[in-house]
Amino acid sequence: MARTRRTPAAHGTHAAGARTRRGAGRPARARRSPLKLPLRLLVPALLLAALMAMLMLRGYTHSEILADHRVRPEAATDKVPQRILDGGPVIDTRHGRATSLRVPDHRLVLTFDDGPDPTWTPKVLDVLKKHHAHAVFFVTGTMTSRYPDLVRRMVAEGHEVGLHTFNHPDLSYQSTRRIDWELSQNQLAITGAAGVRTSLFRPPYSSFADAMDDRSWPVARYIGSRGYITVVNTVDSEDWRKPGVAEIVRRATPEGGKGAIVLMHDSGGDRRQTVQALDRYLPELQARGYRFDNLTEALGAPSALTPVTGADLWQGKAWILLVRAADGLTDALGVCLALVGGLVIARFALMLLLSGAHARRVRRRGFSWGPPVTEPVSVLVPAYNEAKCIENTVRSLVAGEHPIEVLVVDDGSCDGTADLVESLDLPGVRVVRQRNAGKPAALNRGIAKASHDLIVMMDGDTVFEPSTVRELVQPFADPRVGAVAGNAKVGNRDSLIGAWQHIEYVMGFNLDRRMYDILRCMPTIPGAVGAFRRSALEQVGGMSEDTLAEDTDITMALHRAGWRVVYAENARAWTEAPESVQQLWSQRYRWSYGTMQAIWKHRGALLDRGPSGRFGRVGLPLVSLFMVVAPLLAPLIDLFLLYGVVFGPTQKTVIAWLGVLALQAFCAAYAFRLDRERMTHLISLPLQQILYRQLMYVVLLQSWITALTGGRLRWQKLRRTGAVEAPGGAAPPRERVDAMSARTHPVSPGADPVRGTADAWGGSSGPVGGTTERRPVG
């Protein structure tokens, strides 16, 4: 797991401002080409393209793409030469001629169509080998590509193979271009499988020579112009009808000792009767003086198979390798999809069961953690350039029902955040200033300055309800509780992105917290609303800068130290969620990568004993599975939905996807009911599942790439509007905030008025991770 190296903190506002003035001693930044995709988009796009290509290849070789199952009815025969209609089953139209050949008497050429089949072709080959008989296998390209070892065995055991097209279409419907494609792809598959090229061809849906008509005869002539001999049949066993072993033997037996080309099938369904009939047929007719040869042996002609070398051979082998890779990948994806489906269902079942148990436990009459906690609390508000939000935040705290002191730790803001708070002159509110050093340092500074043993931490863009602090600290009546996670809610839920995050917070994070509370392995105390015992914080060394998710890191450390971490559902905090895709991407990227870092940092808990071991063997696997692995595989549901809708079976695919969506909607409705939220926001749930999940997938994939390559993250502060307020509250006039900021800390020419001139800071931390340090802008 990659660790992010700290960057030296800025020393003072003046230095930061000097650093960010345009042209101040640094080279101009090169412009990015508009055609050049950033790595976070390029890698997922390439992976998606490769995956779709593999799926298309799989669909092609399984006759799900470009397959044509039309069969043309019989037509007139007036354009077919009479010598062909009255001739033999071997039709040669090469070099502009039209001749036919018959098989000599007492010679039988067994032909098997539509294979190779992994179940029945080996049994057919075994029977042929048992009775020392040769045959001709007219194989399709799709089956050859999927089962090349069987074609290789056919050639090795002296049988001949012939083309039967790639996808088995009726060629009378096809253009010459499509015919060439069917032939070349079929030939490519045979070359890759057995290293040979064949000159034999049998059209799909063909019959006897006298069945040649005005539609199929032009195809036969064109096939000859491409260098192939067309082979039909003399005797049809009709084994595809499954008429019984005796009937197959009767129909396959020629009259009067005549030679014949016998049609059978080694694929296309259950061929048990064919195999049994073959085991009886071969010795019976051998006893009557018949020989079973391949076609060129029976005709006394040179072999129809010629070895292939050089580039053509390697091209064939590459094709077989690609098909195997596509089949292997899709099979693996199918297994993963089944696992994801199982995990999703298991997770939903577990969440519903345990979250319901949690709600019943904490809501039952007479429930309490112990004697009411009334002692004063220190509330820490780390702030970096939060002038647009900070007044809402501190006013919501002052209006609370519990005795508190408020410490606003200004981490080198350059927009007048600290001056604005001091100008409010609110009772119990103190400002602690420090040079810009990052959020963990600000929190640790606040812990050192705090007057009380119970410490609440929140973000500078968050507002509390009057009862939030009181509800948040009640679990500390239990001396085993070291920390409490509050109920973080999205305040700006009116936009589509906000509504999606609102669903995510209620359905995912809060249901998860109830579940993890019951299991005693809560992975994260949200940075927006959490409370700690000072003694617990001191025991684990305070807030760490080791990861980019200091809230996840500290929570895991508390578990390992033996403290309980619980969830207080009524301790509600309203936070401002990102309002653009770019901001959302930046935030979730930090959360995902920081969570990975925290999991890696605390991996030793897997082997620990006691509470740490319990967390390591229960909490870490659950967090890894549900927050890191399963979300990465979840888009398979949508990918297979798209594939199934386009290539079938469409109805079953849509029903399956709607079933998954219905399950998610049920869980979401249950979560909203537990949180007493309005159901109207769930209208956007289907769209969230299609679009939002893909964004989260790409973010998680980028986090994996960063972790595996040892990359570094670069922080950008989220733009805030300051419009979030607790229910019933009122936002301060924007003019007051902007005027105070401009009066106390004017922005340098050319600087971003929102980011100011100091280094970027992480902003609001979320349910699964926050920020630990700053990165210089630029």
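Any value given below was found using the heavy atoms of this structure, including those in side chains, with hydrogens, waters and symmetry copies removed.
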Are the charged groups of [X] and [Y] less than 4.0 angstrom apart, N to O?
X      : Y      : answer
Glu465 : Lys489 : no
Arg514 : Asp675 : yes
Glu677 : Arg493 : yes
Asp551 : Lys439 : no

Check your understanding: Given the rule in the side chain to side chain contact (heavy atoms under 4.5 Å, CB included) test, do Ile525 and Ile554 qualify, once you have shown the distances and angles that lead to the verdict?
Key -> CA-CA 8 Å; Ile525 298 171; Ile554 190 67; 5.5 Å; no
How long is the span from the [atom1] atom in [X] to the [atom2] atom in [Y], to the nearest 0.5 Å?
X      : Y      : atom1 : atom2 : result
Thr555 : Arg560 : OG1   : CZ    : 13.5 Å
Cys521 : Arg564 : SG    : CZ    : 11.5 Å
Leu454 : Glu375 : CG    : CD    : 4.0 Å
Glu386 : Tyr384 : CD    : OH    : 10.5 Å
Leu558 : Leu537 : CG    : CG    : 6.5 Å
Ser451 : Ile404 : OG    : CD1   : 12.5 Å

Within the side chain of [X], is there an N or O that forms a donor-acceptor pair under 3.5 Å with the backbone of [Y]?
X      : Y      : result
Ser684 : Leu687 : no
Gln474 : Trp369 : no
Asp415 : Ala387 : yes
Glu576 : Gly491 : no
Asn385 : Cys414 : yes
His559 : Pro523 : no

Check your understanding: Under the criterion side chain to side chain donor-acceptor pair (under 3.5 Å), which of His358, Arg676, Arg513, Arg363 is the partner of Glu569?
Key ->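 The side chain to side chain donor-acceptor pair (under 3.5 Å) with Glu569 is passed solely by Arg363 among His358, Arg676, Arg513, Arg363.
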Practice item. For a side chain to side chain donor-acceptor pair (under 3.5 Å) with His602, tell me which candidate from Asp553, Thr547, Thr552 qualifies. Key: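 It is Asp553, the one option of Asp553, Thr547, Thr552 that forms the side chain to side chain donor-acceptor pair (under 3.5 Å) with His602.
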Grab the two heavy atoms, one from [X] and one from [Y], that are nearest each other, plus how far apart they are.
X      : Y      : answer
Arg534 : Ile447 : NH1-O, 2.9 Å
Phe476 : Ala483 : CE2-N, 3.9 Å
Asp410 : Thr417 : OD1-CB, 3.6 Å
Pro526 : Gly486 : CG-O, 3.8 Å
Leu511 : Met507 : CB-O, 3.2 Å
Gly482 : Ala536 : O-CB, 3.9 Å

When you compare the side chain of [Y] with that of [X], does any pair of heavy atoms fall below 4.5 Å?
X      : Y      : answer
Val409 : Leu443 : no
His452 : Val377 : no
Gln501 : Leu584 : yes
Lys449 : Leu380 : no
Arg445 : Leu407 : no
Asp478 : Arg480 : yes
Glu405 : Arg430 : yes
Leu397 : Val381 : yes

**Study point:** Stepwise side chain to side chain contact (heavy atoms under 4.5 Å, CB included) test for Arg678 and Phe672
**Key:** CA-CA 7 Å; Arg678 291 184 302 169; Phe672 271 56; over 6 Å; no
**Study point:** Parallel, tilted or perpendicular, as decided by the 30° and 60° cut-offs, for the rings of Trp591 and Tyr505
**Key:**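 The rings of Tyr505 and Trp591 sit tilted, inter-plane angle from 30° to 60°.
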**Study point:** Partner of Val529 by side-chain contact (heavy atoms from CB on, under 4.5 Å), out of Thr575, Thr462, Asn487, Thr468
**Key:**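 Passing option: Thr468.
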Point to revise | Qualifying residue, where the test is side-chain contact (heavy atoms from CB on, under 4.5 Å) with Val406 and the options are Val456, Val429, Val431 | key: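 Of the listed residues Val456, Val429, Val431, the side-chain contact (heavy atoms from CB on, under 4.5 Å) partner of Val406 is Val429.
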Practice item. Under the side chain to side chain contact (heavy atoms under 4.5 Å, CB included) rule, what do His681 and Val506 come out as? Steps first, then yes or no, please. Key: CA-CA 11 Å; His681 287 98; Val506 176; over 6 Å; no
Practice item. Starting from the C-alpha separation in whole Å, work towards a yes-or-no answer on side chain to side chain contact (heavy atoms under 4.5 Å, CB included) for Asp419 and Arg433. Key: CA-CA 10 Å; Asp419 295 335; Arg433 299 173 185 259; 2.7 Å; yes
